[in-house]
> 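Have a look at the structure that comes next, please.
Counting convention: from 1, in listed order, for ligands and their atoms alike.
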Amino acid sequence: MKLLALFIVLAMASGAVAQPIPDYNLSSFFIDHAAVGASVTVAPDGGGAPFTEAYAPGGGIVDATITVQLLYSDGSPAIDYPGSDLWLETTGGGLARCSGWGTFADGSTDDQGMTTWQQPKYAGGCSVGEHVLVMLVGAPIAGTLDLVFRSPDLNGDLDVDLTDIVAFAQALLSQETCADFTNDGAVNLSDIVIMAQGIGAECEPAE
Ligand SMILES: [Ca+2]
Ligand SMILES: [Ca+2]
């Protein structure tokens, strides 16, 4: 018995008593209907916009907050589940995430098993033509979202430098949609402003 007690104490101390993984099919995620097709601006240093300030197709600001609800296989909510076990990816890999933590959920789940993506994420690249996946401990929860990410880090190497400025200049001429940060169908002055704000950004975790 003493040995068992010791084992339990050690297991608790080392955090080895892991929470079970929520159900990948019962768990779900959504965005507001008005945010379908919206574009979220991201930068590697977190200098992009919050999801509440996404650009609707055709232009205009829309709230594209992603909400996820984690449920266990018995239907009960996964409460206080760590946000660092949840992150965003896109189906074609166009969203480049700062290693490991760039697109984590904003925080742990609440008493309904819910948490959100609302704060600016640490990412780059372009996911036009792709769909968003919500990853749970390395595998996707069933479903996808029709939401895109655009970034001044046009080539997705998580550093906004001269290469991206050259790519943006070319996109201005060719009207390449990845540089249409404002999602209004044209690469023009408002996109240049966003591009300029992003110059120099690289992956830096928040304090
Ligand atoms: Ca880059
Ligand atoms: Ca634009």
Side-chain angles (χ1 to χ4, degrees), residues 31-66 84 87-106 117-135 144-207:
I31 53 174
D32 195 90
H33 182 70
V36 169
S39 182
V40 177
T41 310
V42 289
D45 63 349
F51 285 62
T52 49
E53 295 172 22
Y55 291 96
I61 301 291
V62 69
D63 184 347
T65 297
I66 300 174
S84 55
W87 64 89
L88 303 178
E89 292 187 15
T90 55
T91 49
L95 172 65
R97 303 168 290 135
C98 288
S99 179
W101 45 268
T103 63
F104 281 166
D106 292 341
W117 282 264
Q118 202 167 69
Q119 296 162 12
K121 295 304 159 189
Y122 300 78
C126 174
S127 71
V128 169
E130 304 178 17
H131 294 280
V132 176
L133 300 169
V134 174
M135 307 297 289
T144 62
L145 293 174
D146 188 2
L147 198 66
V148 303
F149 293 96
R150 288 183 172 91
S151 175
D153 174 28
L154 285 162
N155 68 353
D157 67 352
L158 297 171
D159 193 357
V160 184
D161 57 17
L162 188 60
T163 312
D164 301 300
I165 296 170
V166 171
F168 183 83
Q170 289 167 347
L172 199 54
L173 293 173
S174 66
Q175 294 291 301
E176 156 58 45
T177 184
C178 281
D180 177 20
F181 305 124
T182 58
N183 208 14
D184 59 359
V187 183
N188 55 25
L189 186 62
S190 55
D191 304 304
I192 294 174
V193 170
I194 293 172
M195 183 68 211
Q197 286 168 347
I199 292 170
E202 52 189 58
C203 292
E204 290 171 35
E207 290 304 315

> For Leu158 versus Asp153, what's the shortest heavy-atom pair and its separation?
N-OD2, 2.7 Å
> Check whether any N, O or S atom of Thr163 sits under 3.0 Å from the Ca ion (ligand 1).
no
> Can you tell me how the ring of Phe149 sits relative to the ring of Phe51, calling it parallel under 30°, perpendicular over 60° and tilted otherwise?
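Judged by the thresholds at 30° and 60°, the geometry between Phe149 and Phe51 is perpendicular.
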> With rounding to 10 degrees, what does the angle Asp157:OD1 / the Ca ion (ligand 1) / Asp164:OD2 come to?
150°
> When you measure from the Ca ion (ligand 2) to the N, O or S atoms of Gly59, does any of those distances fall below 3.0 Å?
no
> Looking at every non-hydrogen atom in both residues, tell me the closest pair between Ser127 and Leu95 and how far apart they are.
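Where Ser127 meets Leu95 most closely, the heavy atoms are CB-N, 4.2 Å.
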> Without hydrogens or angle criteria, can the side chains of Asp146 and Thr144 be said to hold a donor-acceptor pair below 3.5 Å?
no
> To check your reading of the site, what angle at the Ca ion (ligand 1) do OD1 of Asp153 and O of Asp159 form, to 10°?
100°
> Restricting to N/O/S, name the atom of Asp180 that gets closest to the Ca ion (ligand 2).
OD1
> So does Thr182 have any N/O/S atom less than 3.0 Å away from the Ca ion (ligand 2)?
yes
> Can you confirm whether the side chains of Thr65 and Gln118 place a donor and an acceptor under 3.5 Å from each other?
yes
> Between the side chains of Ser39 and Arg150, is a donor N or O closer than 3.5 angstrom to an acceptor N or O?
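Ser39 vs Arg150: donor-acceptor pair found between side chains.
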> So which N/O/S atom does Asp184 have closest to the Ca ion (ligand 2)?
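Atom name of the closest N, O or S in Asp184: OD1.
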> Where the Ca ion (ligand 2) is the corner point, what angle links OD2 of Asp191 with O of Ala186, to 10°?
80°
